[in-house]
Every structure is written in C-alpha cells, then in structure tokens.
**Student:** 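Quick one: this structure, given as structure tokens, is what I'll be asking you about.
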Number of protein chains: 2
Amino acid sequence: MDELDSAILRHLQRDARQTNRDLARTLGIAPSTCLERIRVLRARKVIRGYHADVDPAALNRHVQALIHFQIRPFSRAIIEAFKAYAAGLPEVSTVYVVTGGDDMIVHVSTPSVDYLHGFLMDKFTERREVVGFRTSVIYQHTHNQVLEPLTP
Amino acid sequence: MDELDSAILRHLQRDARQTNRDLARTLGIAPSTCLERIRVLRARKVIRGYHADVDPAALNRHVQALIHFQIRPFSRAIIEAFKAYAAGLPEVSTVYVVTGGDDMIVHVSTPSVDYLHGFLMDKFTERREVVGFRTSVIYQHTHNQVLEPLTP
DNA sequence: AATGAAAGTAGCGTGGT
DNA sequence: ACCACGCTACTTTCATT
C-alpha cells in the first residue's frame, strides 16, 4: 500500500468504469502496470467489488428510515439470527450491530410511509427477540463515496 | 423502466465492471441495445455513478461508529450548515438528517478508539449548534449492494 | 516491479430490419 | 426499439529491462 495504490483506490472509488488506459495516463504509469496493481488490490480484497449507484426513487423507494432496535436476550446467537433475518429483507439496505442505547440499527427504504408502517408491523413486531424499536425517518442523506486513507 | 431496465440495474449493482457484451449476453439482447439502455439510464440519473467498494481496514479505518446529534436551534440554515461541515470531514462517510429523537446521524470511520475520541472532541464539542451527541460503536455491518425495485 | 509490443477482445457509431 | 457490421480503441499477456 504505497502512494500509487492509494491514488488508484481514490480514482476507482470516484469512477469505477474509467478505462485502465485513462487511469494509467492520469497516474503517469504504463497501462500494464496499472492493471497489475489493480489485480493485486482485488486479490488482497482491498477492493471488494464495483457497484453501480442507483437512485432509490427510481426503484420506487421514496421513503427511507433508520430503525433502532433493542434485542433481548442479548446473545451472539440471537444477534446473528436477527441480523441475518433483517439483511435478507428486500427493503433493508444496511444492518449495523452497535453498542450504546441500541443493539441494532437498520437502514430501510420503502415506497411510502404507509408501506413503511406496514413493513415494520408485519416483519418486526411479532419477533420475540425484539423488545422495542424506534423509527427515524431520513429527510436527506449525503454519502461520501471516496474515502482517503487516514494516518494514525 | 421496464423489466429489462430492472435487470440491467440489478446486474450493474452487483458488478459494475462487467463488459457490456457480457451483460448483453446474460440478458439475451444485442450489445448495442444494452449499451443504449444504459446510456439512457445514466442520462435520466437513474444510475448516479459507479464506485469501487474498498475495505475500510485497508485505509486504516478500523473503528466505525454512528454519532447521534442533537442540534439547536433547529432551523434549516443551521441544519444545512452542520450537514455541510460534517460531510466535509474526511472521517465521515455518511450524514443522515432525520426525524425522531435525534436530528442528525453521522457514520464515521477512524483508525482507533483513541482517534475517534479525539476526533469527536476536536470537531464537535466546540460547535455551538451541537447541544448533545451520543456515540454508537459499530461492531459489524452488512450492506446490501443490490436493491430491487419495490411494488407499492 | 515496471515497461512496450502484439494478439485478442470490446466499445460504439452507422445503417438496416 | 432492436440488431448486424465494422472501425477504432481497449485489455491483457509475455518477453525484456
């Protein structure tokens, strides 16, 4: 992980579909060198994948929310099972297992407020391990697609 | 947005670097057709971009957290300013503006717990609009990279 | 580890159905 | 709208440094 690798990661986070030639040209290296660097970064799992960023509204997901869960009993097996359950629901985009006031925070996106309400009622209220949850509707969110390496 | 567009989005969310030819072949359409569909989806901003997914640990970001903020006074200008401030910090990956108990939830990733503590102290405690915040350290998180269209 | 050339392959415009 | 063709450009391997 030298400065060149960092530069490659920075550029591929911003635009994953630029050609290898273009990337090599902007970095001032040969295309074959650039290709090999990227191959190694993938093999080392530093680059985990390449994903298109799709507007949720185009997928009929106009209402997003964060759901804060309290789970009891708090054991590894229960947490793992609930995490797997939540992550498998098509409305769910992210599951965070956290410390603090809540045990789990789940990011969901749904067509409407009505759909969200029905979804929460149908999928979570009946589960024994869920002793309580709280909904935060998301008004806006901005995502920083390019993360730089940090120095300790 | 027909079934073919949905299929294209599904595949590009899973792997944004597959060639147009491969995608066309798996969908059973001509490459030129596929290319034109993708071009329109980009022009309509349904596809917002293509991004490499990089392991945060490789960027020296071993400790992630969600920070829950209470902001006062609660006005559009104050919220916008704080959002812009937070989103501009390199440690921050996502800013959610929400309803409910909190006003803003910020996803951060840092090298260590010490770094996180110093970061919170240096960047947030001195800001007047921050009347309180709470930290949830993230133990695990799973992200669903492929979002399907939902039917109302 | 980086390069340059060479072979295979893909992108993308044009025209046709 | 979709497909077929063809030119140009890209990717990728390998010998060389």
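Each chain gets a letter, A, B and so on, in the order its sequence line appears, and its residues count up from 1.
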**Student:** Salt bridge (Lys or Arg N to Asp or Glu O under 4.0 Å) with B/D5: which of B/R37, B/R10, B/R39, B/R42?
**Tutor:** B/R37

**Student:** Under 3.5 Å, is there a donor-acceptor pair between the side chain of B/D102 and the main chain of B/H68?
**Tutor:** no

**Student:** Verify, without hydrogens or angle tests, whether A/N20 (side chain) and A/P31 (backbone) share a donor-acceptor contact under 3.5 angstrom.
**Tutor:** yes

**Student:** Protein-nucleotides 15-17 of chain C N/O pairs closer than 3.5 Å?
**Tutor:**
none

**Student:** Give the residues of residues 15-43 of chain A touching DNA chain D, defined as any heavy atom closer than 4.0 Å, sorted by residue number.
**Tutor:** A/T19, A/N20, A/R21, A/S32, A/L35

**Student:** Does the B/Y85 side chain pair with the main chain of B/K123, one donor and one acceptor, at a distance under 3.5 Å?
**Tutor:** yes

**Student:** Counting only heavy atoms not in A/H117, do more than 12 sit closer than 6.0 Å to its NE2 atom?
**Tutor:** no

**Student:** When clusters are formed by joining ILVMFWY residues with side-chain heavy atoms under 4.5 Å apart, either directly or through shared neighbours, do A/L147 and B/V92 land in the same one?
**Tutor:** no

**Student:** Do you know the tightest heavy-atom contact between A/P90 and B/L150?
**Tutor:** CB-CD2, 4.4 Å

**Student:** So where does chain A start and stop touching DNA chain D, 5' to 3', when the test is distance under 4.0 Å to a non-hydrogen atom?
**Tutor:** D/dC10 to D/dT13

**Student:** Do A/R127's NZ or CZ and the ring of A/F82 fall within the cation-pi criteria of under 6.0 Å and 45°?
**Tutor:** no

**Student:** Indicate the ring-plane relationship of A/F69 and A/F133, choosing parallel, tilted or perpendicular according to the 30° and 60° boundaries.
**Tutor:** tilted

**Student:** For residues B/Y96 and A/Q64, is any side-chain donor paired with an opposing acceptor at under 3.5 Å?
**Tutor:** no

